[in-house]
Structure formats: structure tokens, C-alpha cells
Amino acid sequence: MKVVTGIGSVPESVGAQAKRAEQAGFDIVTCGELAHDSIVTMTLAAAATERIGLQTSVTIAFPRSPMVLAMEAWDIQRLSKGRFTIGLGSQVKGHNERRFGGTWTAPAPRMSEYIQMMRAIWESWQKSSKAEFLGKHYRYTLMTPAFNPGPIEFPHPKIGLAMVGTGMAAVAGEFADVAMPHGGIMSDKYMRQALLPAIRRGLVRAGRSWSDIEIAESGYLVLADSDEELERKLDAMRQPLSFYGSTRTYHSVLEMHGLGELGQKLHALSIQGKWAEMVSTVTNDDILKLADTCRYDEYPRFLKEKREYASRTSFSMPRNSPQQEERYQRLLNEIQRLECPAVPSGLEI
């Protein structure tokens, strides 16, 4: 099992964060793309490290052309000596149109073309072959020597794909190297009843198997040693759940758990700009309808029994004393030694 950890805030801190993650024994560092550019973050992390894997989680695709991201990913893959995965995300309609000033079309068909064009670009660079991809949304028919960076000595960058809906999950199964369920609002039930079957459909459509894709474990989970710590962490989850739950894109997760009315209420409050009231609307009982709970020492067993489909996870716990640090390293190593089937139970191909 690969263990990932997040980095990134202001650019000047990225290199040191990535170095610490590498020294701590993590397998992969990831970064989001909220107030800072994910490509800049991963470039800085690549330059500061030697071993650890690098992955954006996520890079917003549609405001950029496939050529722009293909070139940036190619350069980071070269700089990092083959350690880079570009994790793509579509974002939602409102942000694409009103924040990025771009356009919006059905995201799953568009993303499938996006990934295929990126791979066509890399193939033409690696093999000096013809520029050739013709889709409804994107086309690639021109590459002259002055703009061709040429081959690299490493495999093509891996492509990860973030998902909430089943359409994008099927695209991941068909085209992606890494499936990245949206951690901001997710449950184990939704993973098993909606996303994993959709990934399987994509795999079958492409003639692929579960061994052709890595899946990040997902589902709200609260790790805690005491009831007090559990309550504190549940309380902290109210803000992100209120944010994501206010967007209709994520309501399918809530509806599966009988929380459709909560989603509608949060959406209405967001339109009015009542952000504080949104947080207070979410209760700990709402979160527990979505979340599993587990003690730190039981987490390796939890992964083996409850996340058998996954090949990567995140892990954090208090590390404020030598005793806590020793315990943390022991559990980290135990997780990394796990050998899970990486095939969802009941969804074999």
C-alpha cells in the first residue's frame, strides 16, 4: 500500500515540505489547486526531492488546453526522473464559467478526449510520429520541430482522474492510470454502489483489468483514540461537508444516505451567502451517516478488510512526542507492507 501526504500552500514553503515528506518515509506527495497553481507546486517539489512520487490532486483541466498540460507534465516528468502523475479534475460548471471564464460542456465525454489527446501528444514527441487526434472537443494535427521537446528517458507521466459521478468514474476505468475519488465528500457505500461498478464498466469497455489502474481509498473516515478526539474531528468535518454539500454535483452522495434534504438546504444557504449558517446546519449525526470511525492502531486491519480495492491511502496522527513518533512510524511501515487484492470484492473481471 502506498501512503500519500499533502503539501503546498505558499510556493516558498513547498520544497521544504516535500523534503520532510520524503524523509518521513511517505511514498507520494500530492497537492490541490485552490489558491495556488498545482503545476508550480509540483515543479518545486520535484526540484527539492529525489525519490518520492509526485501527484497533483487535482489540476483543473478544462481552463487549460490539453497541449498546455501535456507540455508541463512532460517537463516535470523529465525533471523528476519519472516520478510524476498529473491528476486531472473537471471542477463544476459555475467555477469553469464564472471563475475561470471558460466554457462548460458535458464533462465526462470531454475529459475522455482530453486524456486521449494528451497521450497522443506524448506519443508523437516520444516517437517523432504524426500529430493525430481528432475529437469533438479537441483536435491535435500540428507539431513542428521547433515546438517538439523530443523524447524523454522515462515512461509517459501517469494520468489520474478525480471523480464524484459515475460518468467520470467510467472514463477513469477506460483511460486513467489512477482513480481518485473526491475525498471532500465521499462514503464507502457510495464508492461500492456507484463508483467502483462504474470504474469496472470503463475497464471492461477498454479491455482492461483492475491491474491496469490504481485506486485511492476513499470514504469519510475519522481516526481517533478517544471519544473527545472523535468529537473534535467530527466537528472539524462540518465545514468541508457544508461547502461540498452545497453544490448539486455532490448531492448524489448525500441522497444515498438519506441526506438529500440537507443538500438542498445547504445549496439554498450558499446562494444567499450564509456561509456560517451552512456550517451550523451540519450536525455530527449527519457526518456519522457518511463516515466510518477507527482507532489508529486498527487502521492497517481496517484497510485490509474495508478498503481491499485500494493501492494507496493517506495517514496522519499526532506526532508531538518521541513515543507518538515511534508509534506513527510503526503504523506507517505496517500500512506500507500491506498487500491488498486491489480488486473490489464482488466486482472481479
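Heavy atoms from other residues, nucleotides or ligands lying under 6.0 Å from CZ of R205 number more than 12. By the 6.0 Å contact criterion, CD on Q272 is enclosed, its count of non-hydrogen atoms from other residues, nucleotides or ligands being greater than 12. Residue L34 qualifies as open at atom CG: its count of foreign heavy atoms under 6.0 Å is 12 or below. By the 6.0 Å contact criterion, CZ on R201 is enclosed, its count of non-hydrogen atoms from other residues, nucleotides or ligands being greater than 12. Within a 6.0 Å sphere centred on CD of E12, heavy atoms belonging to other residues, nucleotides or ligands number more than 12. Around NZ of K19, the count of heavy atoms belonging to other residues, nucleotides or ligands within 6.0 Å does not exceed 12. Summarising the local packing, NZ of K233 is surrounded by more than 12 heavy atoms from other residues, nucleotides or ligands at distances under 6.0 Å.
Judged by distance alone, with hydrogens and angles left aside, the side-chain atoms of E22 form a donor-acceptor pair with the main-chain N or O of I52 at under 3.5 Å. Side-chain atoms of H251 come within 3.5 Å of backbone N or O of G245 as a donor-acceptor pair. Remark: the backbone N or O of V164 is paired with a side-chain donor or acceptor of Y190 at under 3.5 angstrom. With hydrogens and angles ignored, the 3.5 Å screen pairs a side-chain donor or acceptor of S280 with a backbone N or O of E277. Here the side chain of W210 pairs no donor or acceptor atom with the backbone of P344 at under 3.5 angstrom. Proximity of a side-chain donor or acceptor of R99 to a complementary backbone N or O of N96 within less than 3.5 Å is not detected. Distance alone, capped at 3.5 Å, is enough to place a donor-acceptor pair between the Q77 side chain and the F84 backbone. Formation of a donor-acceptor pair under 3.5 Å by the Q126 side chain with backbone atoms of W122 is not found in this model. Under a 3.5 Å cut-off, the side chain of W74 and the backbone N or O of G150 do form a donor-acceptor pair. Proximity of a side-chain donor or acceptor of S57 to a complementary backbone N or O of G32 within less than 3.5 Å is not detected.
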Set out, in order, the CA-CA distance, both residues' side-chain angles and the distance that settles side chain to side chain donor-acceptor pair (under 3.5 Å) for S90 and R110, then state yes or no.
CA-CA 9 Å; S90 63; R110 185 173 175 181; over 6 Å; no
Between T247 and T249, does the side chain to side chain donor-acceptor pair (under 3.5 Å) criterion hold? Intermediate values first, please.
CA-CA 5 Å; T247 304; T249 301; over 6 Å; no
Before giving the answer on side-chain contact (heavy atoms from CB on, under 4.5 Å), spell out for S209 and L203 the whole-Å C-alpha distance, their side-chain angles and the decisive distance to 0.1 Å.
CA-CA 6 Å; S209 69; L203 290 171; over 6 Å; no
Applying side chain to side chain donor-acceptor pair (under 3.5 Å), run through Y299 and T313 and close with a yes or a no.
CA-CA 11 Å; Y299 188 49; T313 186; 2.6 Å; yes
Assess the residue pair T283 and I287 against the criterion (side-chain contact (heavy atoms from CB on, under 4.5 Å)); give the C-alpha distance rounded to whole Å, side-chain angles, the decisive distance to 0.1 Å, and a yes or no.
CA-CA 7 Å; T283 68; I287 297 170; over 6 Å; no
From CA spacing to verdict: side-chain contact (heavy atoms from CB on, under 4.5 Å), R312, Q55:
CA-CA 12 Å; R312 50 178 66 193; Q55 178 183 312; 2.4 Å; yes
Could you walk me through whether M1 and C340 satisfy the side-chain contact (heavy atoms from CB on, under 4.5 Å) test, starting with their C-alpha distance in whole Å, then the side-chain angles of each, then the deciding distance to 0.1 Å, before giving a yes or no?
CA-CA 7 Å; M1 182 78 69; C340 293; 3.7 Å; yes
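Counting only heavy atoms from C-beta outward, the side chains of M111 and F175 never approach each other to under 4.5 Å. Contact check for V343 versus L347: no side-chain heavy atoms found under the 4.5 Å cut-off. The side-chain heavy atoms of T281 and L262, taken from C-beta on, include a pair separated by under 4.5 Å. By the 4.5 Å heavy-atom criterion applied to side chains, D188 and K306 are not counted as neighbours. Considering only heavy atoms from C-beta on, L69 comes within 4.5 Å of L88 through its side chain. Y328 has its side chain out of reach of Q324: every pair of non-hydrogen atoms, C-beta onward, lies at least 4.5 Å apart. Residues S38 and V58 have side chains not in contact (no heavy-atom distance under 4.5 Å, counting atoms from C-beta outward). Under the 4.5 Å side-chain criterion, counting only non-hydrogen atoms from C-beta, P66 is not in contact with E113.
Ring centroids of F315 and F26 are separated by 6.0 Å or more, keeping the two rings apart. Two rings, from Y244 and H182, have their centers less than 6.0 Å apart.
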Donor-acceptor contacts, no H, no angles, side chain residues 153-160, under 3.5 Å, sequence neighbours left out:
unit_1, atom_1, unit_2, atom_2, d
K158, NZ, E214, OE2, 3.1

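Scanning all heavy atoms of the two residues, the minimum distance from T56 to T59 falls at OG1-OG1, 3.0 Å. Across A198 and A169, no two heavy atoms sit closer than the pair CB-CB, 3.7 Å. Minimum interatomic distance between L54 and M42 (heavy atoms only, all atoms of both residues): CB-SD, 3.6 Å. Nearest heavy-atom pair, P181 versus L195, reported as atom, atom and distance to 0.1 Å: CB-CD1, 4.1 Å. A pairwise comparison of heavy atoms in M278 and S246 identifies CE-CB, 3.6 Å as the closest pair. Closest approach of I76 to A46, counting heavy atoms only: CG2-CB, 4.4 Å.
With sequence neighbours left out, the side chain to side chain contact (heavy atoms under 4.5 Å, CB included) criterion links E334 to P300, R330, L331, R337. Listed by chain and number, the residues in a side-chain hydrogen bond (donor to acceptor under 3.5 Å, both in side chains) with E228 amount to none (sequence neighbours excluded). Every residue two or more places apart in sequence or in another chain was checked for a side-chain hydrogen bond (donor to acceptor under 3.5 Å, both in side chains) with Q193, and none qualifies.
Taking the charged nitrogens against the carboxylate oxygens, D292 and R307 do have a contact shorter than 4.0 Å, which makes a salt bridge. A salt bridge does not link R119 with E123: every distance from a Lys NZ or Arg NE/NH1/NH2 to an Asp or Glu carboxylate oxygen is 4.0 Å or more.
A continuous path of ILVMFWY side-chain contacts below 4.5 Å connects M191 to L241, so both sit in one hydrophobic cluster. One hydrophobic cluster holds both M118 and M143 under the rule that ILVMFWY side chains link at heavy-atom gaps under 4.5 Å. Criterion: ILVMFWY side-chain heavy atoms under 4.5 Å apart, direct or through other members. Under it, I185 and L288 are part of a common hydrophobic cluster. Residue F302 is grouped with residue L290 when hydrophobic side chains (ILVMFWY) are merged at heavy-atom distances under 4.5 angstrom, including chains of intermediate members. One hydrophobic cluster, built from ILVMFWY side chains closer than 4.5 Å, holds both L269 and L259.
Pairs passing the ring-ring contact (aromatic ring centres under 6.0 Å, His included) check and including a residue from residues 128-153, sequence neighbours excluded, read Y114-Y138. For the salt bridge (charged side-chain N to carboxylate O under 4.0 Å, His left out) condition, the pairs that include at least one residue of residues 48-71, sequence neighbours left out, are E33-R64, D37-R64.
When each of K289, R192, H257 is paired with S187, the side chain to side chain donor-acceptor pair (under 3.5 Å) condition holds for H257 and for no other.
With a 6.0 Å cutoff to the six-membered ring centre and a 45° limit on the axis angle, R327 does not count as a cation-pi contact of Y296.
A donor and an acceptor atom, one from each side chain of E308 and S345, are nowhere located under 3.5 Å apart.
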